[in-house]
A.B. asks: 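Encoded as structure tokens, here's the structure I'll be asking about.
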Amino acid sequence: MNANPFVLVAVALAALVGGLGLFTFNHAQGWSYLSHDPAACVNCHIMRPQFQAWQHSTHKNVATCQDCHMPHDFVGKWYTKARDGWNHSKAFTLGNFHEPIHITPADERIALNNCVACHRPLLTQTHLSVKEMQQPNAPTCTSCHGNVGHRDQGQ
């Protein structure tokens, strides 16, 4: 039986790329990102100040990183994890990231929606409606409550 040389090369390349991908994912502790453990967020040194601030925050006993930074629906959560994982791995591999790290507008909307989801009963007592907070350039929860979570890092 003669094997097609193109098939052999394609299989070898696929095995090489797959093997390197699995090695890199394992080396970067990628499996930990599939958990709900806040310690996964400090696999990378850039998030240590935020993690340490969260450990001293009012939210430590009631919310983890994912509770605030991931959508609460199944598809949204896993889509966001995949998107962020790809973006973070690309940025850290290429050294192409801002330090201190900044939240993206899309991720800021997710966090705002999660603030609203948990604190909806309190929002009825404030001067801003949820709809008003979602307008461009409107104040958000962290405009007044900047120390919640981990914003007390001089950012």
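These values consider heavy atoms only, across backbone and side chains, with no hydrogens, waters or symmetry-generated copies.
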A.B. asks: Which residues satisfy the side chain to side chain contact (heavy atoms under 4.5 Å, CB included) test with Val7, sequence neighbours excluded?
C.D. replies: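 For Val7, the residues satisfying side chain to side chain contact (heavy atoms under 4.5 Å, CB included) (neighbours in sequence not counted) are Asn4, Val11.
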A.B. asks: Is the closest side-chain heavy-atom distance between Asn114 and Met70 below 4.5 Å?
C.D. replies: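 Answer no - side chains too far apart.
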A.B. asks: Check for a donor-acceptor pair, side chain of His102 on one end and backbone N or O of His98 on the other, with a separation under 3.5 Å.
C.D. replies: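 No.
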A.B. asks: What distance separates His59 NE2 from Cys65 SG, expressed to the nearest 0.5 Å?
C.D. replies: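 It comes to 12.5 Å.
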A.B. asks: Could you state the interatomic distance from OG (Ser57) to CD (Gln50), rounded to the nearest 0.5 Å?
C.D. replies: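 If we round to the nearest 0.5 Å, Ser57:OG and Gln50:CD are 12.0 Å apart.
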A.B. asks: Show which residues join Ile103 in its hydrophobic cluster (side-chain heavy-atom contacts under 4.5 Å, direct or indirect), or state none.
C.D. replies: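 Cluster partners of Ile103: none, it stands alone.
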A.B. asks: May I ask you to test the Ile110-His69 pair for a side-chain heavy-atom distance under 4.5 Å?
C.D. replies: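 Not touching, per the 4.5 Å side-chain cut-off.
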A.B. asks: Count the heavy atoms belonging to other residues, nucleotides or ligands that lie under 6.0 Å from NE2 of His36, then report whether that count exceeds 12.
C.D. replies: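 Above 12, so yes.
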A.B. asks: So how far is it from Phe92 CZ to Asn87 CG, rounded to the nearest 0.5 Å?
C.D. replies: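 With rounding to 0.5 Å, CZ (Phe92) is 10.5 Å from CG (Asn87).
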A.B. asks: Provide the closest heavy-atom pair for Phe51 versus Val42 in the form atom of the first, atom of the second, distance.
C.D. replies: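 Scanning both residues completely, I find the closest heavy atoms to be CB-CG1, 3.1 Å.
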A.B. asks: I need the full list of salt bridge (charged side-chain N to carboxylate O under 4.0 Å, His left out) pairs touching residues 79-93, with sequence neighbours left out, sorted by first then second residue.
C.D. replies: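 Every pair satisfying salt bridge (charged side-chain N to carboxylate O under 4.0 Å, His left out) with a residue in residues 79-93: Arg83-Asp107.
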A.B. asks: Give the other cluster members for Val17, using side-chain heavy-atom distances under 4.5 Å between Ile, Leu, Val, Met, Phe, Trp and Tyr residues; answer none if it is isolated.
C.D. replies: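 None; Val17 is a cluster of one.
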A.B. asks: State, with a plain yes or no, whether a side-chain heavy atom of Leu112 is found less than 4.5 Å away from one of Glu108.
C.D. replies: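 Leu112 does not reach Glu108 side chain to side chain.
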A.B. asks: Work out which heavy atom in Ala91 is nearest to a heavy atom in Phe97; give both atom names and the distance.
C.D. replies: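 Nearest pair, atom of Ala91 first, then Phe97: O-CD2, 3.6 Å.
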A.B. asks: Quick one: list whatever passes ring pair (Phe, Tyr, Trp, His ring centres under 6.0 Å) with Tyr79, sequence neighbours left out.
C.D. replies: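 Not a single residue meets the ring pair (Phe, Tyr, Trp, His ring centres under 6.0 Å) criterion with Tyr79.
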A.B. asks: Look up atom CD1 in Ile101 and atom OG1 in Thr104, then write down how far apart they are to the nearest 0.5 Å.
C.D. replies: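 Between Ile101 CD1 and Thr104 OG1, I get 9.5 Å after rounding to 0.5 Å.
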A.B. asks: Applying salt bridge (charged side-chain N to carboxylate O under 4.0 Å, His left out) as the test, list every pair that has at least one member in residues 46-73; sequence neighbours left out.
C.D. replies: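 As it turns out, there is no salt bridge (charged side-chain N to carboxylate O under 4.0 Å, His left out) pair with a partner in residues 46-73 once direct neighbours are skipped.
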